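The figures that follow rest on heavy atoms only: side chains count, while hydrogens, waters and symmetry mates do not. By convention in this document, chain letters (A, B, ...) are assigned in the order of the sequence lines, proteins followed by strands, and residues within each chain are numbered from 1. Here the structure is a predicted model, which is why all the values come from computation and not from measurement.
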Amino acid sequence: MQPADYEHLTPSQAIAYQSELRQQIHIESLDNPINVIGGADISFNKYSETVYAGIILLKCPEMTVVGHSSVISRTSFPYISGLLAFREVPALLEAWDKLDIKPDLLVLDGQGIAHERRLGIATHFGLVTDVPTIGSAKSRLYGRHQEPANEVFAESPMYDRGEIVGIALRSKKNCNPIYISPGHRVSMDQSVQIIKNCIRGYRIPEPTRQAHILVNRVRVEDSGTDKQFSLF
DNA sequence: GCGACAG
DNA sequence: ATCTTGTCGC
């Protein structure tokens, strides 16, 4: 199955495919050092099939931007909770292929294994590219957890029948927690540690935050040029 | 049947 | 996700 063909899948077939991919997930210690970390995100205009995908490259541990790539693509697969990867991975792969240098690890905006079939977008992307990935989501999809204490870096594990699938992390005081889970080829503890090292005073870790700024800028710039949005 | 539901 | 101004709280 190729990502480019995802648009032809029915939700039922997509779910069946996730069940197959699940067999290939590797949650393990990442030994390679992380010199460059990447952040990926997508932006789009409501009701439009045009999607703006981008990947930002940051130097560790400074968190300074050292590169990026972006693409304007199309998607017909709708947003369905639990099947996000089928909608966003194809465009993200296009941006990934355009990168001159690949990061040592990529952070995606969404869940990793904190998913009913352990196939959040971060895990899915990691399997397709065979790259270490971490999922950093702004809201919860799956897993039960207690409210983290209201202090920076307070955390509380997310469970699924006794198994820890992720962690709710208070990345900033007085802000809602973010949900971290390993995607592929990295451990749970490393995922949390890595994300903590990417926090720079904002609720959202730099890789994801910078990626969001990037794709949003690309979208606004294009919307003024896109026929569908210019009235003249 | 009811509530939950990444982006 | 995106649409949007002011406004409450630290």
Side-chain angles (χ1 to χ4, degrees), chain A residues 3 6-7 11 14-15 18 21 39-55 70 72-93 95 106-127 133-145 147 149-152 154 158-160 165-184 191 195 201-205 207-209 211-224 226 228-229:
Chain A
Y6 289 172
E7 60 184 304
I15 290 173
Q18 291 184 321
L21 282 180
D41 193 19
I42 275 191
S43 179
F44 58 88
N45 287 305
K46 200 173 181 179
Y47 307 131
S48 172
E49 291 195 348
T50 299
V51 294
Y52 305 87
I55 294 178
S70 64
I72 298 180
S73 189
R74 289 282 212 176
T75 316
S76 59
F77 200 96
Y79 167 70
I80 298 175
S81 181
L83 302 180
L84 178 65
F86 294 90
R87 173 177 168 73
E88 303 193 346
V89 165
L92 288 176
L93 266 181
L106 185 68
V107 181
L108 290 96
D109 192 10
Q111 318 294 337
I113 61 171
H115 178 284
E116 44 267 72
R117 286 172 294 283
R118 305 295 181 273
L119 268 153
I121 189 170
T123 302
H124 195 126
F125 193 90
L127 286 171
T133 59
I134 294 175
S136 175
K138 296 180 294 299
S139 61
R140 185 200 71 90
L141 167 67
Y142 192 79
R144 297 153 48 79
H145 70 86
E147 178 77 5
N150 186 26
E151 43 185 275
V152 181
M158 299 165 71
Y159 295 97
D160 174 25
V165 296
I167 181 179
L169 176 70
R170 185 83 62 185
S171 52
K172 180 174 182 177
K173 191 173 182 180
N174 296 319
C175 287
N176 290 322
I178 54 178
Y179 301 82
I180 311 303
S181 59
H184 186 52
S191 296
I195 293 300
Y202 294 92
R203 177 195 177 215
I204 307 301
T208 303
R209 200 176 77 80
H212 189 272
I213 292 174
L214 168 66
V215 296
N216 218 35
R217 172 156 49 70
V218 172
R219 177 177 63 82
V220 173
E221 291 175 345
D222 183 65
S223 292
D226 189 349
Q228 186 175 5
F229 286 92

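Separating the CD atom in A:Glu88 from the CZ atom in A:Phe44 is a distance of 7.0 Å, to the nearest 0.5 Å.
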Inset, instruction - Kindly express the pairing pattern of DNA chain C in dot-bracket notation, using | wherever a base pairs with another strand and counting only Watson-Crick or G-U pairs under 3.5 Å. - result: ..........
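Here A:Arg219 lies in heavy-atom contact (under 4.0 Å) with sugar-phosphate atoms only. A:Asn150 comes within 4.0 angstrom of no nucleic acid atom, judged by non-hydrogen atoms across all strands. Residue A:Leu83 is classed as a base contact, given a heavy-atom separation below 4.0 Å to a base. Nucleic acid contact for A:Ile121: base, since at least one base atom lies under 4.0 Å from a heavy atom of the residue. At the heavy-atom level, A:Gly82 lies under 4.0 Å from base atoms of the strands shown.
Comparing A:Asp41 and A:Lys173 along DNA chain C, the residue whose closest nucleotide (by nearest heavy atom) sits nearer the 5' end is A:Asp41. Heavy-atom nearest nucleotides on DNA chain C were determined for A:Asn174 and for A:Ser43, and the one closer to the 5' end corresponds to A:Ser43.
Reading DNA chain C from its 5' end, the first and the last nucleotide to sit under 4.0 Å from a heavy atom of chain A are C:dA1 to C:dC10.
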Legend entry - Verdict with reasoning, A:Phe86 to A:Phe77, per ring pair (Phe, Tyr, Trp, His ring centres under 6.0 Å): CA-CA 7 Å; A:Phe86 294 90; A:Phe77 200 96; 5.8 Å; yes
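Taking 4.5 Å as the limit, some side-chain heavy atom of A:Arg170 sits within range of a side-chain heavy atom of A:Glu147. Residues A:Ser70 and A:Val215 have side chains not in contact (no heavy-atom distance under 4.5 Å, counting atoms from C-beta outward). For the pair A:Leu169 and A:Pro177, the minimum side-chain heavy-atom distance is 4.5 Å or more.
In terms of phosphate contacts, A:Arg87 brings no side-chain nitrogen or oxygen within less than 4.0 Å of OP1 or OP2 of B:dG7.
When rounded to the nearest whole Å, the span between CD of A:Gln111 and C1' of B:dC5 equals 11 Å.
Heavy atoms only, all atoms of each residue included: A:Met158 and A:Ala114 are closest at CE-CB, 4.2 Å.
Side-chain proximity of A:Lys138 to the nucleotides B:dG7, B:dC5, B:dA6 is greatest for B:dG7.
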